[in-house]
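Worksheet: one structure, shown below.
Model, not experiment: these values are computed from the prediction. Indexing begins at 1, ligand by ligand and atom by atom, following the structure's order.
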Amino acid sequence: MAGLCAAARARELGASPVLLEKGSRPGGSMLLSSGVIWRYRSFDEFRAQCPGGDPRLQELVHGRLDEGLEWLETIGAPVVARETGNPLTTGVRFDPKGLTEALARAAGDVRLGEPVTATDQPLVLATGGFQGDPGLVERFVRPASPLRLRANPWSAGDGLRHGLERGAGLSEGLDEFYGRNMADIDFGEPEFVQLAQVYGRFARIFNDVGKEFVDHNEVSWSEIDLVRATAHQPGARAWYVLDEEALDERMRERTVREVVADAPTRTEPADLPFQAPKGAAVAVRVAAAITHTIGGLRVDAKARVLDEAGMPIDGLYAAGADAGGISTGGYASGLASALVLGRAAAESAAS
Ligand SMILES: Cc1cc2nc3c(=O)[nH]c(=O)nc-3n(C[C@H](O)[C@H](O)[C@H](O)COP(=O)(O)OP(=O)(O)OC[C@H]3O[C@@H](n4cnc5c(N)ncnc54)[C@H](O)[C@@H]3O)c2cc1C
């Protein structure tokens, strides 16, 4: 998303940008997403939810998101809903296909199957993070077992590597990622949403050897902390064990019971590899999957990539998941960061 936003904004400002897209289609993970572009209602809430993030970048994303959302509508991105369904947040849900088409139209010169190359022109790195490179994930995130990918297949750290070659510094939170605990089976893009199991906060949570490794009362609303903790358990796997009360909890339109009924790794308590806790009605085996990394290149509030001494590297910008340190310590909308930083990078490069 960030690259399309940067190219579209640069063209609007009178530049003639070229968007190099490594994949066979535009839109990256944005096209696969639910399309909800959001921010916390207050900046204080953003700080409280993501305490390790760079406050200047957070101010930028928080302060410029609403203007970015209006801009998306002006270029023809179709709105599905003007609310997020979460009292902590505000935002807009777009149709991901229509959003991708509108941005690609506005970006103009989109060249598919062409990875980014070194250039003496201003360059915005927007390759979507390093989750698609198991070696980089192993080095920085250090999961107990390889994580399944819940993202486009092309975001494999090319932006990070390019930045490092040019002397870039790294942000905080390189071990952090956004992802979901998924039913523990192999899956592809059509199952990214459907197989996500986002009710761990109602369950008791055990690892494969029967250790209750997280107190469910302390799991955050987004469950990102639970997913990260699961990544460090044997096999990067967990068991959600639910009693009748947990099954009756509601998750927006559906009850937990309805979601569990569709989970292909649903298991009888008697079949667990450890003694089921008292009252257990059903269990679901989940495994941590990675959607995008949270740490990345160090940037300033103009989306300029900074070197290790904190000085801007001439002509080099980063946006989206390539720009690290925005939602460190928690979870915030990756689409929002991509939109705001992408536009900011274009404005800096064009000036
Ligand atoms: C199932 C799912 C649901 C989601 N739902 C939401 C949601 O509702 N709200 C939200 O905020 N976030 C959501 N996300 C996360 C969101 O999609 C990402 O945060 C966002 O797309 C990141 O933007 P980006 O521009 O950094 O990466 P992307 O949108 O993935 O774009 C990166 C692009 O770079 C390309 N690329 C990679 N390497 C190269 C290279 N070397 N040269 C050229 N191009 C390259 C890729 O092919 C890709 O097109 C969801 C993600 C998934 C998978």
**Study point:** Side-chain donor/acceptor of Thr230 to backbone N/O of Ala236, under 3.5 Å
**Key:** no
**Study point:** Interfacing atoms of ligand 1 (cut-off 4.0 Å, heavy-atom, Gly320)
**Key:** 26 (O)
**Study point:** Close N or O approach (Ser34, ligand 1; < 3.5 Å)
**Key:** yes
Review point. Looking only at protein heavy atoms, which one is nearest to atom 13 (C) of ligand 1, and how far off is it?
Key: Ser33 CB, 3.9 Å
Check your understanding: Polar-atom distance check: Glu21 versus ligand 1, any N or O pair below 3.5 Å?
Key -> yes
**Study point:** Option whose closest heavy atom lies nearest to atom 10 (C) of ligand 1, chosen from Asn152, Val193, Leu335, Thr117
**Key:** Leu335
Practice item. Indicate yes or no: does an N/O atom of Phe192 lie under 3.5 Å from an N/O atom of ligand 1? Key: no
Review point. Would you say the side-chain atoms of Lys22 pair up with the backbone N or O of Trp154, donor to acceptor, closer than 3.5 Å?
Key: yes
Practice item. For atom 53 (C) of ligand 1, grab the closest protein heavy atom and report residue, atom and distance to one decimal in Å. Key: Arg150 O, 3.3 Å
**Study point:** Working for side-chain contact (heavy atoms from CB on, under 4.5 Å), residues Arg39 and Val61
**Key:** CA-CA 8 Å; Arg39 62 170 171 80; Val61 174; 5.9 Å; no
Review point. Any donor-acceptor pair under 3.5 Å linking the side chain of Arg25 with the backbone of Leu112?
Key: no
Check your understanding: Under the ring-ring contact (aromatic ring centres under 6.0 Å, His included) criterion, do Trp38 and Tyr331 qualify, and how do the steps go?
Key -> CA-CA 11 Å; Trp38 57 271; Tyr331 173 53; 5.4 Å; yes
Point to revise | Contact atoms of ligand 1, heavy-atom distance to Leu20 under 4.0 Å | key: 43 (C), 44 (N)
Scan the side chains in residues 90-99 for donor-acceptor partners under 3.5 Å anywhere in the protein, sequence neighbours excluded, and list what turns up.
{"unit_1": "Arg93", "atom_1": "NE", "unit_2": "Ser34", "atom_2": "O", "d": "3.4"}
{"unit_1": "Asp95", "atom_1": "OD2", "unit_2": "Gly98", "atom_2": "N", "d": "2.8"}
{"unit_1": "Lys97", "atom_1": "NZ", "unit_2": "Glu101", "atom_2": "OE2", "d": "3.1"}

Review point. Looking only at atom types and distance, does a side-chain atom of Gln58 sit under 3.5 Å from a main-chain N or O of Pro51, one as donor and one as acceptor?
Key: no
Exercise for review: Considering heavy atoms of the protein only, find what lies nearest to atom 26 (O) of ligand 1 and give residue, atom and distance to 0.1 Å.
Suggested key: Ala321 N, 2.8 Å
Exercise for review: Verify, without hydrogens or angle tests, whether Thr127 (side chain) and Gly159 (backbone) share a donor-acceptor contact under 3.5 angstrom.
Suggested key: yes
Practice item. Give the residue and atom name of whichever protein heavy atom lies nearest to atom 11 (O) of ligand 1, and the separation in Å to one decimal. Key: Ser333 OG, 2.6 Å
For residues 191-199, which side-chain donor-acceptor pairs fall under 3.5 Å, sequence neighbours excluded?
{"unit_1": "Glu191", "atom_1": "OE1", "unit_2": "Gly188", "atom_2": "N", "d": "2.7"}
{"unit_1": "Gln197", "atom_1": "OE1", "unit_2": "Tyr199", "atom_2": "OH", "d": "2.6"}
{"unit_1": "Gln197", "atom_1": "NE2", "unit_2": "Leu195", "atom_2": "O", "d": "2.9"}

Point to revise | Proximal atoms of ligand 1 relative to Gly128 (non-hydrogen, under 4.0 Å) | key: 26 (O), 27 (O), 32 (C)
Revision key, fill the gap. In ligand 1, the atoms that come under 4.0 Å of a heavy atom of Ala126 are 32 (C), 33 (C), 34 (O)
Exercise for review: For Gly35, take its heavy atoms, then give the atoms of ligand 1 lying under 4.0 Å from any of them.
Suggested key: 8 (O)
Point to revise | Close-contact set for ligand 1 against Ser29 heavy atoms, below 4.0 Å | key: 17 (O), 21 (O), 28 (P), 29 (O), 30 (O)
Check your understanding: Counting heavy atoms only, which part of Val116 comes closer than 4.0 Å to ligand 1: side chain, backbone, both or neither?
Key -> both
Review point. In terms of atom number and element, which parts of ligand 1 are under 4.0 angstrom from non-hydrogen atoms of Leu32?
Key: 1 (C), 2 (C)
**Study point:** Distance filter under 4.0 Å to Ala2 heavy atoms, resulting ligand 1 atoms
**Key:** 25 (O)
**Study point:** ligand 1 to Gly28 polar contact by distance, N or O atoms, under 3.5 Å
**Key:** yes
Exercise for review: For atom 7 (C) of ligand 1, grab the closest protein heavy atom and report residue, atom and distance to one decimal in Å.
Suggested key: Val36 O, 3.6 Å
Point to revise | Heteroatom proximity flag, Asp158 to ligand 1, N/O under 3.5 Å | key: yes
Point to revise | Whether Ser337 side chain and Leu335 backbone form a donor-acceptor pair below 3.5 Å | key: no
Practice item. Considering only non-hydrogen protein atoms, determine which one is nearest to atom 29 (O) of ligand 1 and report residue, atom name and distance to 0.1 Å. Key: Met1 N, 2.7 Å
Revision key, fill the gap. For atom 21 (O) of ligand 1, the closest protein heavy atom turns out to be Met30 N, 3.3 Å
Check your understanding: Just heavy atoms, cut-off under 4.0 Å: does Ala338 contact ligand 1 by side chain, backbone, both, or neither?
Key -> side chain
**Study point:** Which residue and heavy atom of the protein sit nearest atom 45 (C) of ligand 1, plus the separation
**Key:** Lys22 CB, 3.4 Å
Check your understanding: Run the side-chain contact (heavy atoms from CB on, under 4.5 Å) check on Leu69 and Leu339 step by step: do they pass?
Key -> CA-CA 8 Å; Leu69 294 171; Leu339 168 61; 4.2 Å; yes
Review point. Is ligand 1 less than 4.0 angstrom away from at least one heavy atom of Gly27?
Key: yes
Practice item. Check step by step if salt bridge (charged side-chain N to carboxylate O under 4.0 Å, His left out) holds for Asp314 and Arg166. Key: CA-CA 10 Å; Asp314 199 28; Arg166 290 185 56 179; over 6 Å; no
Check your understanding: Regarding Arg201 and the six-membered ring of Trp221, is the cationic atom NZ or CZ under 6.0 Å from the ring centre and inside 45° of its axis?
Key -> no
Practice item. Please answer whether the main-chain N or O of Val286 pairs with a side-chain N or O of Asn181 as donor and acceptor at a distance below 3.5 Å. Key: no
Point to revise | Stepwise side-chain contact (heavy atoms from CB on, under 4.5 Å) check, Ile294 with Arg228 | key: CA-CA 12 Å; Ile294 296 231; Arg228 289 180 192 155; 3.4 Å; yes
